[in-house]
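Worth saying up front: this structure is predicted, and the values here are computed from it rather than measured.
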Amino acid sequence: MALLEIQKLTKRFGGLVANREISMQIDEGEIVGLIGPNGAGKSTFFAMVAGFYQPDGGRIFFNGEDITGRSPEYICRKGITRTFQIVKPFEDMTVLENVMVGAFLRTASPTRARKEAEEVLEFTGLANKLDWEAKGLTIADKKRLELARALATKPKLLLLDEVMAGLTPTETLEAVELIRQIHKRGIALFIVEHVMEVVMPISHRVVVLDGGEKIAEGTPEEVAKDPRVIKSYLGEMDHVASG
Amino acid sequence: MKESKILSQENASLQTKIVSKGKTVQGVLLFFASLALVILPYVVQQPFYLHVFILIFLYAVMGGAWNILGGYTGQVSLGHAVYFGIGAYASTMLMMEWQISPWLGMLIGMILAVLVSLAIGYPTFRLKGHYFAIATLALGEIFMIIFSNWEWVGAAVGLYLPILPSVWINFQFTEKTPYYYIALGMLGLTLLVTRLVEKSRLGYYFRAIKNDQDAAKALGINTTYYKMVAMAISAALMAMAGTFYAQYVLYIDPNSVLAMSISIQACLVAVMGGVGTLWGPVIGAAILVPLSEFTRSYLGGSGSALDLVVYGVLIMLIAVFQPAGLMGLFGRNQARRKEA
Amino acid sequence: MLLQVKDLKSGYKGVPAIHDVSFEIKKGEIVVIVGGNGAGKSTILRTISGLIRPTGGEIVFDGRRIDQLPAHEVVAAGIAHVPEGRWIFGRMTVQQNLILGAYTQKSEEERLKTLEMIYRIFPRLKERREQVAGTMSGGEQQMLAIARGLMSRPKLLMLDEPSLGIMPKLVMEILEMIREINQRGTTILLVEQNVHAALKLADRAYVLQTGRIVAEGAGRELMEDERIRKAYLGM
Amino acid sequence: MTTEIVIQTLVSGLLWGCIYALIAIGLTIIFGVMDIVNFAHGEFLMVSMFIVYSLSLLGINPLISLPVAAIALFALGILSYKTLIRRVLDAPMLAQIFVTFGLMIFLRNLAHLIYSADYRSVAVSVFQGRVEVLGIYLSTPQVIAALVAAVMTAAVYWFITKTEMGWALMAVAENKNAASLMGINSERMYALAWGIGAACVGVAGALLANFYYIFPEVGALFGLLAYVVVALGGFGSIQGAFVAGIIIGVTEALAGLLIDPSVKYVIVFSVYVVVVVLRPKGLMGNV
Amino acid sequence: GCTTTTQPKETSEKQTEQGTTETQKSGEAAEQVSEIKIGAIYPLSGSAAATGEDLANGVKLAVEIINGSYPDLNLPLAKDAGLPNLGGAKIKLILADHQASPEKGASEAERLITQEKVVALVGSYHSSVTATASQTAERYGIPFVNGESTSPTLTKRGFKWFFRTTPDDQIFSENFFQFLDDLKEKGLISDPKLALLYENTLWGSEVGKFEKQFAAEYGYNVVEDINYPAKSTNLNSEVQKLKAAKPDILLQASYVSDAILSMKTYKELDFNVDAILAMDAGFIAPEFLKVLNEDGEYILSREVWALDLAKNKPMIKLVNDMFKERFGTNMDGNSARAFTAMLVLADAINRAGSVEPEAIQQALLETNIPAEQLIMPWKGIKFDPETHQNVLGSGIIVQIQNGEYVTVWPWNLASKDLIWPMPKWSDR
Ligand SMILES: Nc1ncnc2c1ncn2[C@@H]1O[C@H](COP(=O)(O)OP(=O)(O)OP(=O)(O)O)[C@@H](O)[C@H]1O
Ligand SMILES: Nc1ncnc2c1ncn2[C@@H]1O[C@H](COP(=O)(O)OP(=O)(O)OP(=O)(O)O)[C@@H](O)[C@H]1O
Ligand SMILES: CC(C)C[C@H](N)C(=O)O
Ligand SMILES: [Mg+2]
Ligand SMILES: [Mg+2]
C-alpha cells in the first residue's frame, strides 16, 4: 500500500487554477522530487497535503486513512511534517528550543524532548548554535532549522520545500548527504527543490508540475530527458552537467 | 569542523556552570526576599503600607494571570476584567444567596471563569493581533453592560458584602495581616503555576504559538486547543484575584470589578515588568502600584490631576527606555548570551 | 573607481560579522563575492546600502563617502540593493512595486521609459502587472525584486543571491540578464551561492570566509584555484 | 412606534455613524502605516476640541479655527512620533500600545491641569440649528460633519491609493527596510502618517466642538468606539472605517430604539465580534 | 495627635480594648491639641472632577469659617476661632482624590486614617465610593460624615460610625410626587403621562426604582421607562423612544455630561414636554448652564439648596458671597451640602471636647442643630439613633428662570412662581 496516495487534487485561487486534478503516490521509504517552473503550484500542493489549504477537489490518503481537509496539526500527528519555503522560525526562541517544540509532539517530558532535540541538531549540523536566538541565523541556517524542527517530530513522511536553496556547491553536497541519512532512518521524503544537483541524484522518482498540471513523472533520468520538461523547466542543461 | 564542535561544547559547559552559579545566587536571593516578605507584617506596623503591599500582590497576581495568555502565548487580551468580575461576583453571590464560604466560592468562581473563557476563546481565537485584542475589549464591555442590567446580581447598584465575623472560613478580617498573607499566598501560587507552565511542554507550545502560529501547526500543535489552555489558566488565576478583591473591599459593582480599566491594569503590570517572564508582573506591580498610590497621595489632593500627569509621563518613560519591560534591566545578560 | 571599501567592519548588536574588509569595483565591472553560508556576504551589501551602520572603515562611492548615509540617501546616490529574501511589497501590485523602485527618479517620462525596458526584459511581469505581488510564486517574486532594483537606474546594482529559489531555466536567464544589464552600463556587485555560474560571469571575484576576504582574482582564475574548488565547488 | 420615528432614528444614526467614521479615519491611517494602535486617539480629538474652544474665547470663528486645529494636530502627531513612537518602533507591540496609553493619560490630565475638569462649549458656533427635510430633523453641524467625513474618506483614499506619496506610505508600512532601499525616507513617512492621522482627527474634533460639550475626558467616549470602528472596518482600511462607522452608528441608534437603550452597546459590540468571527480581518481588512 | 495604629497580632476584641485605652490617652492630651486633622475624599480627577472641586471648595470654606472668627454668621463655630472646647484648636483639612473608584476611595480612607491620623472623614459624593470608604472608617472606628451621597442603602447597613446629613434618593423621589400632587390640586395637571429616563449607574438605577415605586403608590401613569448607558456618545435613540411615548412629564436622572447631551438632543429632535423634573446631579452642576445657556431654561430640579433661599435666610447670601469671592462661582447644592457636613462634624468634635473617636461618635449622635444655624432649607440636623440618617432634612424644587435656579416648591419657600408648562422649543 502506498504511504501517501493523492487522487485528483485541485486548488483554485479565484480564477487561477493552481493545482488541477493532480494524482500521485509515494511509497514507504521513497524519495520523490517535485519540480516545476516557478509558480507551477508546488508549494500549493504541499500546503494541501499538509492541511494548510483546503482542496477544492480530490482526496488525500495517508496510510490508508482519508486525511483530506484535516487540520495541519492532525496531519502532523499522523506523521506528515512540512517545512516552509519562506522560513518561519520561532524567532524569540533559541535554536534548541525551536527543535524541542518539534520533539514535544512525541513526548511530554522536557528532558526527553531536550535530548532528542540535541540529537537532531547534532545530526543536522546545528549543534554549535544550540543557544542562539533563531532570529540571528542566516537564511540558510534558518532553513536547516526548519528541517531539524520537522525531523524532531519523527515523521513518516517529510515534505521539504526548498530547504537546500542558497548553499554553495560544497554545502549542497553535504546537504544531499544529510538527506540520505534522513532517508536511512526510514523516513520517506517529498522534496521541492530547484537545485537539480540535489533533486536528481537522490530522488527515486520525480514528479513535474507546470501551470498547475502534472506534465511528467518518472525516474530522474526519464524526466531529465523529457522534452516538455526541458522546454518549460530545465532549459539548457549545461550548468547542471557542470555540477 | 570537528575542532570547532568540541570548542563549542566546552563553551557550553562553561556557560552551564555560569548559569548554574547564577541560579544558586538567584535562589539565595529569592529565599531571603521571600523570608523578608513573610516576616514583613511583624516589622511594618503601618496598615497603609501593608495595604500597599496587598495591592502589589493583588496586581502581581492579575498581571501574572494575564501574562500566561498575553505574555507567553502572545494573545493580547484587553478583556480580562471579565474573569476578575466573575471571581468577585461568584463568591459574593454564593455567599449572599446560599451562605457558601468565599473560599469555596472562589473555587467555583474559578471554574465558572474557565468555562466562560472557553466560550469566549473558542470563537475569538481565530482572530489575530489587534483584532483579537479589540474583540476581547468588546466582550469585556458586553459583560460589564450585562452585569449592570442584571437585577439578581444587584445590577448597577452593586453588592454590599455582609460584614461577617473575622474568621478564616469567612475570608473576612478586621486586620490587614491575614489579607496580606492570603494575597502573598495567591502570588506564590501564581508564580508556581507560571513556573510549571514555563518549564513544561505547555510553555514551549505557548511560546511557539506566540512566535508563529503556522509553524506551530506544522509541528503538530493544535493552536486553538493550547490557546484555550492558556486562556483557562489565565482566567482561573484572574478569578481568584477577583474573589480576593471582593473580600477585601467588601463592595463590588460592575464599575469596579468589570471595567476596562481592570483589564488594562492587568496588562500594564505585565508589560511594564516584562511580558513572558516569570518575575515581570511582580516587578511591574511593585513599581506601578506604589507609583499610583503615592503620586495620588502626595499630588492628588490638589485636584489638579498633576498626579496623573506624572503617572502618564512615567509610563511613557518606562515604555520608551525599557520597552521590553523592567525585567530587561535584570535579564539583559541572559539575552546577550542568547544572541551572541 | 566606482566603489571603494576600506577596512570595513560591521555586525549586529555589537557582534561583529565582517572584519576589515577591503575591496573595490571599477565602473562597468561585474564583481562577485562568494563564500560559505554565514560568511558575511549579505552583511557587506547591507552595510554598503546603509541598512546597517558600519562600526569602522570607509565606503567611497563615485568619489563620495557614503558610509554614514541612511539607506534612502544611498539609493539616491546611485546604488540599488536587491536584498536576500526579496522584500517585495506583497500587498501592492506588481506595477506599484516597480514604480516605487523608481522613487528617486523624479521625471515621469524617464520612469515610463525604464518601465518599458523592464517589461521588455521581464514579459512575465508585464502580463502580471495588476497582480497583488504577495500572491505570486517565489520565482516570480524574485524577478520582480530584480526588476524593481533596476527601476532606479542605478550606477551600481547589488544583487544578493538572485538565483535563490529560481527554476533552472530561469537561473540562466537571470544571469544572462545580469550580463545584459551590465552591458547596458550598470556596474554589478553580485553575491551568489551558485558559484560556478557566478564565477563564469564575473570579471573579478572575492572570496569571503568568516567575515574576512581570503582570496581575490579574476572569475575564471579562481575557478581553477584548488582551494576554492575544494571549499566551494565541491570538487 | 411610527415609521417616521424609525426613519428619524435611522437618519440620526447615519449622521452619527459618519462622525464616528470621521474620527476613526485618522486612527486607521496611523495603524495602516505603523501597525500601532494609538490609544491616545480620543485624546487627540479632545485636544483639537480644546483648541477650537480656546480660539472661540478670542472670538475666532470655528470655521477659521478648523484649519488651525488641523495644523496644530498635524504638529502634535509629528511631535508624538518624534519624541515617543520613534523610540519604540522596534519594540514589541505591547510596548507600543503602552507608550500611547501613557500619552493618553498624560494628555487627558494635562488638559485637566490647564483647563480644569469643567464642561465647556464653543460660544460662537457658526454651524447651528437644524434643517427639516420631509419632517425629518437634521442637525446642521452634524450634517456638515457627515459631509466632511465622506469627503475626507474619499480624499484620504485617493491619497493613499493614487498618489506616489501614498504608495510610499504603504510601502513603508509593509517593509520599512525594503522601502528605504527604494530611496524612501521611512522616518519621514512615519512622521507623515502620524501627522496626517492626527490632522484628520483634528478636523473631526474641530467639527465636533461645534455641537458637543468639551471636557478633558471627552476623548474616552469616542476613543473606544473609534477602535471598534477601525477594527470592524479592517485595520488600515480607509473605506472600511467609513462603512464600519456608519454600521456602528446605525446599529447603535436602531438597537436603542427597537431593543433597549441600556443594551445598545451590547448590540454594537456584538456586531463587531460576530463580524470578525466570520471575517477575521474585518469588513475590508487586507492586513 | 490621636493614634489608632493597631497591632497586627492582636485579635479584633483586643484591638477594640486597646483602641479605647489609646483614645483615652489621647483624650487626656486633648487640651493640648492645636490641630485637628480631618480628611475629605472627593473625585478630584476623572470625569466627575468638576463636581469634586466644587465639593472640596464647600469643605474648604467651612473649615475657613470654623478656624476664623465670623461673628455675623449664625453658624456653628463661626463666632470663635477654632474649636473653643478644645482650646481653640484649628481644623486641618486633608484632601484626597478617589478618581471615582471605590477601591481608591477605600485606599485613601486607609491612608488618611493610618498615615495622616485624621480623627474623622467626610466625603465622598459617589455612593459607591462612600460605601467602601466608610467601610474602612468603620473598621478603624473613625467617624465618617457624609453630606452628599444619596443612595438609601448607605444608612441601612447598620454602621456605627457612618452619619449622613443629606436626605436620600427615596425622600427626593417622593418629593417629586408630592410636588405633582400639589400641581394637581392647583389644577395644572390632571392625569399626566410620565416618562422616566435615568442612567445605568448605582445612583441612577436606584432613583429609577424609587420613582417607579412612588408612581405606583401615588397613582401616576408611567408610559416609558428608560435606563440608558451613562457615557453614551449620543442619546438619539433614547430621545426617539421618548418622543414615541409622548409623555407629558419627564423625570430624569443624569450626571452632567448626559444632562447636557440630552438637552441638546431634545432641542435638535424637537422633543417637547410640559416639564422636565430632574434629579439634580448634572442639572444643577455649574457647567450645565454655562454650556447650555438659554437652552437650559425652565428645567425643574429637586435640590437641597438654592441661592434665592437667602430671601428667608440672609445668612445664605453672606456665605455665598464668601464662596464666590474665593472660588469665583456661586455655591450650589453640592458645595452647600459638603459645607454643611463639615460644620456638623466640627460641631460634634467641639461638643465632644476631644478628638477621641468614641466621644465624637457620641457627640454626633447627640447632634441637634436648629434650622436657623444652617444654610440648608432643612428643619435641622438630628441623626436617627439607629441608621444615623438626618431625620430633619428635606428637598426643594428649583426651576431655572433667566439663568438662575429659583426655588418654586415647597410653595412656602418659593421665591418665584412656577412656570408651567415649559414652552415648546419652537416657541422659544
Ligand atoms: N494565496 C494565493 N492567492 C492567489 N494566488 C496564489 C496564492 N498562492 C499562490 N498563488 C498563485 O498560485 C500559483 C502557484 O503558486 P505556488 O506558490 O504553489 O508555486 P510554486 O510552484 O511553489 O513556485 P516557486 O517554485 O516559485 O515557489 C502562482 O501563480 C501563485 O501566484
Ligand atoms: N539580523 C541579524 N542579527 C544578528 N546576526 C545576524 C543577522 N543577520 C546575520 N547575522 C549574522 O552575521 C553573520 C554573517 O551573516 P550574513 O547574512 O552576512 O552571511 P551570508 O554570507 O550572507 O550567508 P548566507 O549565504 O547564508 O546568506 C552570520 O554569523 C549571521 O549569523
Ligand atoms: C446626585 C448626587 C448628589 C448623588 C451622588 N452622586 C451619589 O452617588 O449618591
Ligand atoms: Mg514554492
Ligand atoms: Mg546572505
Where does [X] contact chain D at under 4.5 Å (heavy atoms): side chain, backbone, both or neither?
{"X": "B:L317", "result": "neither"}
{"X": "B:M260", "result": "side chain"}
{"X": "B:V271", "result": "side chain"}
{"X": "B:V76", "result": "side chain"}
{"X": "B:L78", "result": "side chain"}

Under 3.5 Å donor-acceptor, B:Y131 side chain and D:K281 backbone | yes

List the steps, then state whether side-chain contact (heavy atoms from CB on, under 4.5 Å) holds for B:E141 with D:Y265.
-> CA-CA 8 Å; B:E141 290 296 292; D:Y265 289 118; over 6 Å; no

Using non-hydrogen atoms only, which part of [X] is less than 4.5 Å away from chain B: side chain, backbone, both, or neither?
{"X": "D:T100", "value": "neither"}
{"X": "D:V37", "value": "both"}
{"X": "D:F39", "value": "side chain"}
{"X": "D:I85", "value": "neither"}
{"X": "D:V88", "value": "side chain"}
{"X": "D:Y272", "value": "side chain"}

More than 12 heavy atoms from other groups under 6.0 Å of OH on D:Y115 | yes

Mark yes when over 12 heavy atoms from residues, nucleotides or ligands other than B:F294 sit less than 6.0 Å from its CZ; otherwise mark no.
-> yes

Closest non-hydrogen atom pair, [X] against [Y]:
{"X": "B:A319", "Y": "D:A95", "answer": "CB-O, 3.9 Å"}
{"X": "B:M316", "Y": "D:V99", "answer": "CG-O, 3.7 Å"}
{"X": "B:I145", "Y": "D:S262", "answer": "CG2-O, 3.2 Å"}
{"X": "D:P280", "Y": "B:L127", "answer": "CA-CD2, 3.6 Å"}

Report the option among D:L107, D:T83, D:I97, D:L103 that has the most heavy-atom pairs separated by less than 4.5 Å from atoms of chain B.
-> D:L103

If you tally heavy-atom pairs under 4.5 Å between each of D:L84, D:V230, D:V268, D:L110 and chain B, the highest tally belongs to D:L84

Measuring from B:D307:CG to D:N109:CG, what's the distance to the nearest 0.5 Å?
-> 7.0 Å

To the nearest 0.5 Å, what is the distance between CD1 (D:I105) and CG (B:L268)?
-> 7.0 Å

Measure the acute angle between the ring planes of B:H130 and D:F235, then classify it against the limits of 30° and 60° as parallel, tilted or perpendicular.
-> tilted

Pick whichever of [options] has the most heavy-atom pairs under 4.5 Å with chain D.
{"options": "B:K128, B:M272, B:R126", "answer": "B:R126"}
{"options": "B:I134, B:I264, B:L314", "answer": "B:I134"}
{"options": "B:T124, B:I142, B:I315", "answer": "B:I142"}

Please test B:L137 against D:F269 for side-chain contact (heavy atoms from CB on, under 4.5 Å), starting from the C-alpha separation and ending with a verdict.
-> CA-CA 9 Å; B:L137 189 98; D:F269 293 130; over 6 Å; no

Could you walk me through whether D:S270 and B:L139 pass the side-chain contact (heavy atoms from CB on, under 4.5 Å) check?
-> CA-CA 8 Å; D:S270 302; B:L139 284 162; over 6 Å; no

